[in-house]
Visitor: 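Could you have a look at this structure, given as structure tokens, before my questions?
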Protein chains: 2
Amino acid sequence: MKSTPDNLKIDGIDKEILRFLMKDARKSILEIARNIGISGAAIHQRLRKLESSGLIAGSKFVINPKALGYTTMAYIGIYLDKAMSNPSAVKELEKIPEVLECHYTTGNWSILIKVLCRDNEHLMQVLNKNIQQIEGVSRTETFISLDQQIDRQITI
Amino acid sequence: MKSTPDNLKIDGIDKEILRFLMKDARKSILEIARNIGISGAAIHQRLRKLESSGLIAGSKFVINPKALGYTTMAYIGIYLDKAMSNPSAVKELEKIPEVLECHYTTGNWSILIKVLCRDNEHLMQVLNKNIQQIEGVSRTETFISLDQQIDRQITI
DNA sequence: CCTGAAAAGCCCTCACG
DNA sequence: CGTGAGGGCTTTTCAGG
């Protein structure tokens, strides 16, 4: 089972290890060890501890959407009819591959989603043919990201 | 309708390799090779090709913010005075570690940001003591994410 | 574009300070 | 916590089909 957040003690060396791997998940343990100045075995032990603590959610290759021709990112606020339950809307949104994030939010909308499309025309199709077709979706508000200027993880 | 730019040719095997690594960046080349059914050397060559094509933006360890006590995520729409330039606002936002994303958007706001805070009180402090203090920020609208139900990358 | 082989390097465990 | 040593696996390169 998971350990509780309270018995999680990460020191400066743990933080250094994490900072290296958050930038490059494929960096070798020995290279990190040489950078920090302790043995590979020590890094290995600390990593196992960090993994079993639940702090590490996994690792990912990040692919560059622009290289695949996906250049239009947008946020869409969705109003749902009162009769429409959030879970069944999410189930439909999951089927749309262009939907990368979905948040159940406070405020005007029921749902806020992030979509990634090839271009504005593609975005329009996703809006008209996919999102607006979902039962219970009454209205949407779209905000196109002209430029993403910050993209990072939590600072450790 | 083309889905990829012309100079980039990725076939089914490339896609399989990427799908494995997008899920787990530390999966070994040989393990991928065994799954796909070709030699490790072939996977290695294809990975080098994919890296030099610009398709791969990097790799990341994903850490679990909840394990660090960060449980409140929110989106904040920011209105800027006309006199305030976007780049100088972004420069200030970069200094706030709780700001994870920053988008220059069409629509009502000048800027849409994503923040991650420990709790609602921390969010309030970030709003009052950091964001509202930035020169040129006239008004903000905050949407707390009660639950993030989808979080994924582009489908390959 | 693939392969298998071979050298170099890394992962992981262990016994111990 | 830390270490260094060692067996086994991986990475990386290369000549060849």
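The sequence lines fix the lettering, A, B, ..., with proteins before strands; numbering per chain opens at 1.
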Visitor: Quick one: which of C/dC2, D/dT3, D/dG2 gets closest to the side chain of B/Ala42?
Guide: C/dC2
Visitor: For the residue pair A/Ile150 and A/Arg152, what are the closest heavy atoms and their distance?
Guide: CG2-NE, 3.8 Å
Visitor: Starting at atom CD1 of A/Ile36, determine the distance to atom C1' of D/dT3, rounded to an integer number of angstrom.
Guide: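 My rounded result for the distance is 16 Å.
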Visitor: If you check every side-chain atom of A/Leu30, which of C/dT13, C/dT3, C/dC10 has the closest atom?
Guide: C/dC10
Visitor: Taking the minimum atom-to-atom distance to the side chain of B/Ile38, which one of C/dT3, D/dT3, D/dC1 wins?
Guide: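 Nearest nucleotide to the side chain: C/dT3.
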Visitor: Calculate the interatomic distance between A/Ile43 atom CD1 and C/dT13 atom C1'; express it in whole Å.
Guide: 16 Å
Visitor: Does B/Lys91 have more than 12 heavy atoms from other residues, nucleotides or ligands lying within 6.0 Å of its NZ?
Guide: no
Visitor: Rounded to whole angstroms, how far apart are CZ on B/Arg46 and P on C/dT3?
Guide: 10 Å
Visitor: Let me spell it out: for each of A/Arg48 and A/Glu31, pick the nucleotide of DNA chain C with the closest heavy atom. Which residue's pick is nearer the 5' end?
Guide: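 Mapping each residue to its closest nucleotide by heavy atoms, the 5'-most match is A/Glu31.
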Visitor: Reckon A/Ile32 touches a base, only the sugar-phosphate, or nothing at all at heavy-atom distances under 4.0 Å?
Guide: nothing
Visitor: With side-chain hydrogen bond (donor to acceptor under 3.5 Å, both in side chains) as the test, would you mind laying out the steps for B/Glu98 and B/Tyr70 before giving the verdict?
Guide: CA-CA 10 Å; B/Glu98 289 86 355; B/Tyr70 282 73; 5.4 Å; no
Visitor: Please report the shortest heavy-atom distance between B/Ile154 and A/Leu100, naming the atom on each side.
Guide: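 Closest heavy-atom pair between B/Ile154 and A/Leu100: N-CD2, 3.8 Å.
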Visitor: If the cut-off is 4.0 Å, is B/His44 near the phosphate of D/dT12, judged by side-chain N/O to OP1 or OP2?
Guide: yes
Visitor: Can you say whether the rings of B/His103 and A/Tyr75 are parallel (under 30°), tilted (30 to 60°) or perpendicular (over 60°)?
Guide: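 Rings of B/His103 and A/Tyr75: perpendicular, as their planes differ by over 60°.
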Visitor: Taking the side chain of B/Gln45 as heavy atoms from C-beta outward, which of C/dC2, D/dG2, D/dT11 is closest to it?
Guide: C/dC2
Visitor: Identify which nucleotide among D/dC1, C/dC1, C/dC10 has an atom closest to any side-chain atom of A/Ser28, counting heavy atoms from C-beta outward.
Guide: C/dC10
Visitor: Compare the minimum distances between each of D/dT13, D/dT3, D/dT10 and the side chain of A/Ala41, then state the nucleotide with the smallest one.
Guide: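 Of the options given, the side chain of A/Ala41 lies nearest D/dT3.
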Visitor: Please pick, from D/dT10, D/dT3, D/dC14, the nucleotide with the shortest atom-to-atom distance to any side-chain atom of B/Arg34.
Guide: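 So the nucleotide nearest the side chain must be D/dT10.
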Visitor: Choosing from D/dT13, D/dT10, C/dC11, which nucleotide comes nearest the side chain of A/Ile29?
Guide: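 Nearest to the side-chain atoms of A/Ile29, counting from C-beta on, is C/dC11.
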